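Here the structure is laid out as structure tokens; the discussion comes afterwards.
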Amino acid sequence: MKTIRPLSNQPLPHNAKKVFEGVLFSVYQWEQEMFDGTKEVFEKIARRDTVGVIAVTKNKKILISFQEQPSMKPFIGTPGGIIDAGEEPFDAVQRELLEETGYKSEKWELFDSVQPTTKIDWAIFIFIARDCVKIQEPRLDAGEKMEIKELSWDEFLEIINKDEFRDKELALKILRMQAVGQIETLKQQLLG
């Protein structure tokens, strides 16, 4: 499945120069002409894109991870992670689902893709995986402690409202759908 990367509300201009490259983040700066003709230095960071998945099992349960990572507060989220260099988002989300949960799916669709903030060049791709089946034990990275739980639809809606739920863009999209009366449509899309 080929996915198109969403555009940023503030794309990096051609004259931007990388002034720092770290393990996860790079910093870019450029001179920007202001409305009064003066010039200012603007700055933006870039990071590798990420994927997440709303994974639904054959028995219509949604997989949620309860995680711990070094130097972070415990959090709740959907399975997902960083896209490796040269990897397509769809390949990354399939890999992350299998690594973190041991589950696999043959029924996928892109649910949303977004660049959530102006000052970071970072795209998030959220997929739906239906009829997931467990085919192996999870294979977690050394910096991950994870417990996967199967939630009902109502439990899923409850958990996305918790402060510990880290997938804020997903929660916002679902809550917006709920506000405009589209939540039953989403429920049908996920659970059939």
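Quick caveat, the model's predicted, so the values are computed rather than measured.
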Quiz item: Taking side chain as C-beta onward, heavy atoms only, is L157 less than 4.5 Å from I183?
Solution: yes
OG1 of T185 to NZ of K187, rounded to nearest 0.5 Å, is 12.0 Å
- request: Decide yes or no for T57 and V133: does some side-chain heavy atom of the first lie under 4.5 Å from some side-chain heavy atom of the second?
  value: no
Rounding to 0.5 Å, atoms OG1 (T118) and CG (N9) come to a distance of 5.0 Å
ILVMFWY cluster, L170 and I62 together (side-chain gap under 4.5 Å): yes
**Message:** Taking the six-membered ring of F111 as reference, does the cationic atom of K173 (NZ for Lys, CZ for Arg) lie under 6.0 Å from its centre and within 45° of its axis?
**Reply:** yes
Subject >> Any donor-acceptor pair under 3.5 Å from K145 side chain to P70 backbone >> reply: no
- Item | Validation row: L97, F127 side chains within 4.5 angstrom (heavy atoms) | no
For this session: Compute whether any side-chain donor of one residue and acceptor of the other, for W122 and T117, lie under 3.5 angstrom apart.
Result: no
So CD of E184 and CD of Q189: to nearest 0.5 Å the spacing works out to 13.0 Å
query = Just by modelled atom types, is the T78 backbone N or O under 3.5 Å from a matching donor or acceptor in the D167 side chain?
reply = yes
- Query: Is there a path of hydrophobic side-chain contacts, each under 4.5 Å between heavy atoms of I, L, V, M, F, W or Y residues, that connects V56 with I174?
  - Reply: yes
Smallest heavy-atom separation, E169 atom then P116 atom, equals OE2-CB, 3.4 Å
- Query: Is the backbone N or O of T38 less than 3.5 Å from a side-chain atom of D36, with the two atoms forming a donor-acceptor pair by type?
  - Reply: yes
*Determine, step by step, whether K162 and I76 satisfy the side chain to side chain contact (heavy atoms under 4.5 Å, CB included) criterion, reporting the C-alpha distance in whole Å, the side-chain angles of both residues, the deciding distance to 0.1 Å, and the verdict.*
CA-CA 9 Å; K162 293 185 178 275; I76 304 166; 4.2 Å; yes
query: Would you find more than 12 non-hydrogen atoms of other residues, nucleotides or ligands less than 6.0 Å from I135 atom CD1?
result: yes
(Q) If you apply the rule side chain to side chain contact (heavy atoms under 4.5 Å, CB included), what do you find for V114 with F125, and how did you get there? (A) CA-CA 7 Å; V114 63; F125 298 86; over 6 Å; no
(Q) Looking at D84, is its backbone amide N or carbonyl O close enough to the side chain of E87 to form a donor-acceptor pair, meaning the two atoms are under 3.5 Å apart? (A) yes
> So Q69 and M146, side chain to side chain contact (heavy atoms under 4.5 Å, CB included) or not? Walk me through it.
Replying inline: CA-CA 9 Å; Q69 292 182 10; M146 198 174 302; 5.7 Å; no
- Using the ring of each side chain (for Trp, its six-membered ring), is W108 parallel, tilted or perpendicular to F90, with breaks at 30° and 60°? perpendicular
Please check if atom NZ in K60 has more than 12 non-hydrogen atoms from other residues, nucleotides or ligands closer than 6.0 Å.
yes
Distance only, no hydrogens: is a donor on one side chain within 3.5 Å (strictly under) of an acceptor on the other, for Q94 and E96? no
Correct closest heavy-atom pair for G80 and E100 would be O-OE2, 2.8 Å
Flag the pair M72 / Q67 as yes when at least one side-chain heavy-atom distance between them is below 4.5 Å, and no otherwise.
no
Here the pair of heavy atoms bringing Q115 nearest to P6 is NE2-O, 3.0 Å
Scanning both residues in full, the closest heavy-atom pair of Q136 with K134 reads O-CE, 3.2 Å
Going through the checks in order, is the side chain to side chain contact (heavy atoms under 4.5 Å, CB included) test met by W30 and L12? CA-CA 9 Å; W30 66 94; L12 277 172; 3.7 Å; yes
Can you find a pair of side-chain heavy atoms, one from W153 and one from L190, that are under 4.5 Å apart?
-> yes
- Over-ring placement of K149 relative to F66, 6.0 Å and 45° cut-offs: yes
**Asked** Are any of the side-chain heavy atoms of I126 and V53 separated by less than 4.5 Å?
**Response** no
Smallest heavy-atom separation, K44 atom then D121 atom, equals CE-N, 3.5 Å
Will you find, in the side chains of S8 and Q10, an N or O donor that is under 3.5 Å from an N or O acceptor?
no
Test: E43 and K119 ion pair at under 4.0 Å:
no
Do the side chains of F75 and V51 join up, straight or via other hydrophobic residues, at under 4.5 Å, putting them in one cluster? no
Shortest non-hydrogen pair, G77 vs F165, comes out as CA-CE1, 3.9 Å
Exercise. Is there a side-chain contact between I83 and R48 (heavy atoms, below 4.5 Å)?
Worked result: no
Quick check against the 3.5 Å criterion: does E155 have a side-chain atom that pairs as donor or acceptor with the backbone of S152? yes
- Task: Report yes if the side chains of Y28 and V19 come closer than 4.5 Å at any heavy-atom pair, otherwise no.
- Result: no
After noting the C-alpha distance and the side-chain angles of E109 and R130, does the key distance pass the salt bridge (charged side-chain N to carboxylate O under 4.0 Å, His left out) rule? CA-CA 9 Å; E109 74 177 85; R130 288 183 203 80; 2.4 Å; yes
* **Hphob cluster co-occupancy, L98 + I82, side-chain heavy atoms under 4.5 angstrom** => no
So CD1 of I64 and CG of L151: to nearest 0.5 Å the spacing works out to 5.5 Å
One should read off an interatomic distance between E31 CD and Q29 CD, to the nearest 0.5 angstrom, of 11.0 Å
| query | Near R176 CZ, under 6.0 Å, is it more than 12 heavy atoms from other residues, nucleotides or ligands? | reply | no
According to a 4.5 Å side-chain heavy-atom criterion applied to Ile, Leu, Val, Met, Phe, Trp and Tyr, with indirect links allowed, do L186 and L172 form part of one hydrophobic cluster?
-> no
